[in-house]
Amino acid sequence: MDKYFKGISKINYEGEQSNNVFSFKYYDAEREIAGKKMKDHLRFAMSYWHTLCGEGTDPFGNATMQRPWNGLEGLERSRAKVEAGFEFMSKLGIEYFCFHDLDIAPEGNSLSEKLNNLDIIAEEIEKQMKETGIKCLWGTTNAFSNPRFMHGASTSPNADVFAFAAAQVKKALDLTLRFGGENYVFWGGREGYETLLNTNTSLELDNFARFLKMAKDYANKIGFTGQFLIEPKPKEPTKHQYDFDVMTVLGFLRKYDIDFVKLNIEANHATLAGHTFQHELNMARINGVLGSIDANQGDMLLGWDTDQFPTNVYDATMCMYEVLKQGGIAPGGLNFDSKVRRGSFQTDDLFIAYIEGMDTFAKGLIVAERLFSDKALESFVEKRYESYLSGIGQLIINGNVDFDALSAYAVEKGNATVSSGRQEMLEGIVNRYIYNSK
Ligand code: XLS
Ligand code: NI
Ligand code: NI
């Protein structure tokens, strides 16, 4: 199809020598890396909201972006976006999309109108999915934009709002199942609070857990077997978000005995929480809950979720390193929860941004795979912990010593000799792999 993005043809891999902006320099979908195609390592997805609904507004200014569907209204506009979205993904060779209910169809004037609109557009989406072979990575609901959610959705002080949120998630789960979606995401939205002067945090958190369990019951009832994911974020829109970061969410899940939820890690949310992207991925991986990834990046000088397209090769490398250590990201993937800057308002900027994001992660994958298979970092790390493989270390690991025994050992030993962490040397190794991996 060549209707909405005329003049842009299929984006091909041309290699790093190419000067063609509209080509991949590193992303070569069919290239085999460690026994798997690049596209199957990366499982790229288009975010419906930023790509097809973003218009460049910010708190200080109006829309800057003229999109080919801007002249249309209501369901006509939604239909055009479906066609445009699938044309966009086909041209880029992106095989998955992620969506909120509100991205795909207009809200209308009542809940029943909204549900009806969703069914109408779902049919169009299904048609396009069949024609193109493009799949759904995950679905979710927008339970944060409508004014009724101003105090939260499942954590609202108002029980009617809890019910509305449930109605939305029910429908979004129906849609995700209908599209064969492999995951369902809960991003907190306004699940948090502004002040303790008016908030019963205990009830709100209990309700959040109740809500998740009801969602799981409903999923079981309709036969949705996809993965449930919570997407941690520390702040914005609320000051205190309940899903602050990976370890906070894990504490919550364990308290309420919820074992059916994994995590969707977003780069910009990690940095907002004062962590690196890799830290959050690592915490999720070692706890067995690394489920999927929202690929983007923040600006270190700005304290909000700028959702920029990822161009930082170092971060992408360390991300793919964690993914490889886990043995892959499926059934999750890499969703570009990223938007073009307000000043990058031309429609072809959308293509350029995706190409740069995909190339960045392709290069990251290439470098990470070399680092991983050469054990370039791993052999140093193994050696660093070797004192736990024998002697007193082994006794500690096996639970065969107590404080009395350890104290006696330390007194006898007199001193402990430690070795350098060699951080700069290791950073140099990573740099050389980035320069040299092809
Ligand atoms: C917002 C979140 C959102 C989720 C989906 O900051 O990143 O876009 O990914 O609701
Ligand atoms: Ni996100
Ligand atoms: Ni975000």
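Whatever order the structure lists them in is the order used to number ligands and atoms, beginning at 1.
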Legend entry - Pair K213 + D257, salt bridge at N-O below 4.0 Å: no

Legend entry - Close approach, D337 and ligand 1, non-hydrogen under 4.0 angstrom: yes

Legend entry - Whether H269 lies under 4.0 Å from ligand 1, heavy atom: yes

Inset, instruction - Could you tell me whether Y354 and F309 have their ring centroids closer than 6.0 angstrom? - result: yes

Inset, instruction - Examine Y4 together with F88 and report whether their ring centres are nearer than 6.0 Å. - result: no

Legend entry - For atom 10 (O) of ligand 1, closest protein heavy-atom neighbour: H100 NE2, 2.7 Å

Legend entry - Identity of the N, O or S atom of D294 lying closest to the Ni ion (ligand 2): OD2

Inset, instruction - Report the nearest protein non-hydrogen atom to atom 9 (O) of ligand 1: residue, atom name, distance rounded to 0.1 Å. - result: E231 OE1, 2.7 Å

Legend entry - K325 charged N/C atom sitting above F372 aromatic ring, 6.0 Å / 45°: no

Legend entry - Nearest to the Ni ion (ligand 2) - the N/O/S atom of E266, by atom name: OE1

Inset, instruction - Give the name of the N/O/S atom in D305 that lies closest to the Ni ion (ligand 3). - result: OD2

Legend entry - Exceeds 12 heavy-atom contacts within 6.0 angstrom, atom CG of N198: yes

Legend entry - Salt bridge E76-K81, side-chain N to carboxylate O under 4.0 Å: no

Legend entry - Shortest-distance N/O/S atom, E231 versus the Ni ion (ligand 2): OE2

Inset, instruction - Please name the atom of D337, restricted to N, O or S, that is closest to the Ni ion (ligand 2). - result: OD2

Legend entry - Pairing of R148 and D160 as salt bridge, 4.0 angstrom limit: no

Inset, instruction - May I ask you to list the atoms of ligand 1 that are less than 4.0 angstrom from any heavy atom of D294? - result: 9 (O)

Legend entry - Nearest-option assignment for atom 7 (O) of ligand 1, heavy atoms, candidates H50, E266, Q241: E266

Inset, instruction - Check the surroundings of atom CG in N19: do more than 12 heavy atoms from other residues, nucleotides or ligands lie under 6.0 Å from it? - result: no

